[in-house]
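Take a look at the structure below.
No experiment lies behind these values; they were computed from the predicted model shown. Sequence lines set the chain letters: A, B, ... in the order given, protein chains first and strands last, and positions in each chain run from 1.
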Amino acid sequence: MNKKRIIFHIDVNSAFLSWTAAYRLQQGEILDLRTIPAVVGGNPLERHGIVLAKSIPAKKYKIETGEPLFSAVQKCPELTIVKPQYDLYIKCSNAMVEVLKEYTPKVQRFSVDECFLEFTGMENVYGDYIQLAKDIKERIKKELGFTVNIGISSNKLLAKVASDFTKPDMVHTLFKEEIKYKMWPLPVGDLFMVGRKTVSKLNKLNIRTIGDLANFDLSVLKAVLKSHGVLIWNYANGVEDSEVRCGNFINMKGLGNSTTISFDVEDIRTAHMILLSLCETVGMRLRDSENLCSLVSVVIKNSDFLMYRRQRKIYYATDSTKEISKIACELFDEIWKGEALRLIGVSVSELCTNEMYQISIFEEENIEKERALDSTIDKIRRKYGSKAILRGSFLHSGINPINGGISEENYPIMSSIL
DNA sequence: TCTGGGGTCCTAGGACCC
DNA sequence: TCTGGGGTCCTAGGACCC
């Protein structure tokens with residue numbers, strides 16, 4: 001007999017906006033961004049002009065995450081726009097995870113602002129799980145200054161759906177027996193893994209609510225949506241049994257770095273320089289994770305927003321910045337048709353542990369020197385910041401030598417709490 | 001559309017081998 | 001070439017998530 005599982009899903013309310021708001025209050029600001037129509041957004045002049053997070057008052061104007069700032073301002077002319085503070089968000093996220101780990105060792109970080117917690121078999125420690133959730137939520141609010149929603153159920157899917165019910169600062173349950181009246185009336189697009197494209201396909205089958213999907217003929221769904229159809233049909237019926245996985249780099253499949261450049265890239269030299277700067281970060285993160293990669297892939301987006309990519313399998317797993325960027329540049333040269341580009345990205349996958357570094361017989365013998373160099377540069381950057389050391393080719397190029405790298409800004413007042 | 005950046009998984013088609 | 005079928009590997013592209 002299976003023991004009944006108890007899973008929490010924790011979701012920070014309007015994460016980026018709340019975190020910036022909490023930080024500003026600590027800095028002595030009086031106005032709480034969460035109480036006015038406000039969004040976190042990038043700089044449109046740098047072509048980063050989209051809404052990253054919105055306050056609840058902003059949501060009342062039908063402003064949506066991911067939409068252009070331009071259109072958000074049209075919906076609400078008095079909208080307050082603040083810049084993202086990514087370093088702060090990492091700190092807030094880490095601080096929350098530390099608090100959560102005091103309650104159970106089984107904490108899975110699902111994204112920067114979401115975690116799953118497992119309490120199965122801990123009945124003797126915690127009697128009343130709803131009260132426990134309320135305690136956790138109050139503690140985060142009091143100690144860290146932001147609110148969360150907590151969803152409780154017997155699997156991760158239902159817990160996640162539950163945390164998305166009314167917001168902010170709420171605890172909800174969604175157990176099997178509650179599915180029919182709490183989940184089935186919701187629009188089908190509210191279901192995890194049912195995005196825009198799938199909604200329109202489902203609508204053509206006259207499926208509008210999660211309940212419609214749950215009670216639909218599975219064989220028809222399978223014919224139209226293949227395995228994805230089976231997956232969402234199971235989800236609509238509350239069927240899901242994945243583990244709560246803890247650990248940092250466990251199961252990491254790949255990593256990448258891409259950037260929308262503030263100007264159109266139209267020459268190969270600039271493109272290669274940007275590729276190298278992206279590879280600096282990719283290589284460093286790969287080495288941090290103690291992995292090697294066997295697949296390198298380059299993606300580009302042109303000014304018509306068409307995206308395409310090219311990948312290459314390599315037969316000597318590597319973590320060398322130089323090697324990765326050499327391949328990335330070759331891949332770029334193979335796909336680029338010469339048109340103006342707005343985005344360039346590099347990613348690596350097919351990872352394996354770096355315990356046994358397999359040296360290719362085709363590689364020159366100074367590979368060990370290259371590894372030592374990468375590792376030294378990593379150490380210097382970790383200690384003195386990402387700009388402490390950089391390649392000569394970037395001097396006077398106007399291109400950031402590290403993309404997505406660690407910024408040295410810190411938040412002194414915040415750090416006393418976090 | 002004045003449209004970001006980090007991921008995961010699935011599918012189709014071609015090459016190649018037996 | 002009027003040439004079968006199955007399995008595996010690889011690449012490109014698309015869908016989804018936050």
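- Comparing C:dC18 with B:dC2, their C1' atoms sit 24 Å apart, to the nearest whole Å.
- Comparing A:G254 and A:V51 against DNA chain B, the residue whose closest nucleotide sits nearer the 5' end is A:V51.
- Note on A:S347: nothing from the nucleic acid sits closer than 4.0 angstrom, heavy atoms only.
- Nucleic acid contact for A:M307: none, since no nucleic acid atom lies under 4.0 Å from a heavy atom of the residue.
- You'll find the ring centres of A:W233 and A:F216 outside the 6.0 Å limit.
- Residue A:S71 places no side-chain N or O under 4.0 Å from the OP1 or OP2 atom of B:dT3.
- Atom CE in A:M284 sits roughly 13 Å away from atom P in B:dG6 (whole-Å rounding).
- Note on ring orientation: taking the six-membered ring where Trp is involved, the planes of A:H172 and A:F165 are perpendicular (angle over 60°, cut-offs 30° and 60°).
- Remark: A:K222 does not engage A:D217 in a salt bridge, criterion side-chain N to carboxylate O under 4.0 Å.
- Between C:dC17 and A:S111, no contact under 4.0 Å exists linking OP1 or OP2 to a side-chain N or O.
- With C:dC18, B:dT1, B:dT8 as the choices, the nucleotide that has an atom nearest any side-chain atom of A:K253 turns out to be B:dT8.
- Between A:H48 and A:F70, the residue whose closest nucleotide on DNA chain B is further toward the 5' end is A:F70.
- Backbone-only engagement by A:G195 is indicated by non-hydrogen atom pairs under 4.0 Å involving sugar-phosphate atoms exclusively.
- Across all strands, A:F192 comes closer than 4.0 Å only to sugar-phosphate atoms, never to a base (heavy-atom distances).
- Under a 4.0 Å N-O distance rule, the pair A:R47/A:D264 qualifies as a salt bridge.
- If you check C:dG13 for Watson-Crick or wobble pairing at under 3.5 angstrom, you find it paired to B:dC10.
- Within the 4.0 Å cut-off from OP1 or OP2 of B:dG5, at least one side-chain nitrogen or oxygen of A:T260 is found.
- For A:L45 and B:dC2, the CG to C1' distance is 10 Å, given to the nearest whole Å.
- Taking 4.0 Å as the cut-off between side-chain N and carboxylate O, A:K167 and A:D164 count as a salt-bridged pair.
- For the atom pair OG (A:S303) and CD (A:E339), the distance works out to 7.0 Å, reported to the nearest 0.5 Å.
- Between the CD1 atom of A:I50 and the P atom of B:dG4 there is a distance of 6 Å, given to the nearest Å.
- In this model, the phosphate group of B:dG6 is approached by a side-chain N or O of A:S258 to a distance below 4.0 Å at OP1 or OP2.
- No cation-pi contact links A:K91 to A:Y23, judged by a cut-off of 6.0 Å to the six-membered ring centre and 45° from its axis.
- Within the structure, every side-chain polar atom (N or O) of A:K201 is placed at least 4.0 Å from both OP1 and OP2 of C:dA15.
- With centroids closer than 5.5 Å and planes inclined by less than 30 degrees as the test, A:F110 and the base of C:dC18 fail to qualify as a stacked pair.
- Residue A:G345 is classed as having no contact, given no heavy-atom separation below 4.0 Å to the nucleic acid.
- A:K301 places its NZ atom 15 Å from the C1' atom of C:dG14, with the value rounded to the nearest Å.
- Base-pair partner of C:dG5: B:dC18 (Watson-Crick or G-U wobble, both distances under 3.5 Å).
- Residue contacts for A:L295: at a heavy-atom cut-off of 4.0 Å it reaches the sugar-phosphate backbone alone, with no base atom in range.
- The aromatic rings of A:Y89 and A:F16 sit parallel to each other, their planes meeting at less than 30°, with 60° as the upper class boundary.
- The separation between A:D11 atom CG and C:dC18 atom C1' is 9 Å, rounded to whole Å.
- Counting to the nearest Å, the P atom of B:dC2 and the NZ atom of A:K75 are 15 Å from each other.
- When the C1' atom is used for both C:dA12 and B:dG4, the distance is 23 Å, rounded to whole Å.
- Between B:dG5 and A:N257, no contact under 4.0 Å exists linking OP1 or OP2 to a side-chain N or O.
- Residues A:I150 and A:I136 are in side-chain contact: their nearest non-hydrogen atoms beyond the backbone lie under 4.5 Å apart.
- Within the nucleic acid shown, A:V112 has no heavy atom closer than 4.0 Å to any nucleic acid atom.
- Across all strands, A:R109 comes closer than 4.0 Å to no nucleic acid atom at all (heavy-atom distances).
- If you check every strand for non-hydrogen atoms under 4.0 Å, A:L69 touches nothing.
- A cation-pi contact, defined as under 6.0 Å to the ring centre and within 45° of the axis, is absent between A:K156 and A:F8.
- Candidate nucleotides C:dC16, C:dC18, B:dG4 were compared by shortest atom distance to the side chain of A:L52, and B:dG4 ranks first.
- Nucleotide C:dG14 holds its C1' atom 12 Å from the CE atom of A:M193, rounded to whole Å.
- To the nearest angstrom, P of B:dG6 lies 8 Å from CG of A:L278.
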Enumerate all atom pairs, one protein N or O and one N or O from nucleotides 10-13 of chain B, separated by less than 3.5 Å.
from, atom 1, to, atom 2, distance (Å)
B:dC10, O3', A:S227, OG, 3.2
B:dT11, OP1, A:S227, OG, 3.1
B:dA12, OP1, A:K226, NZ, 3.0

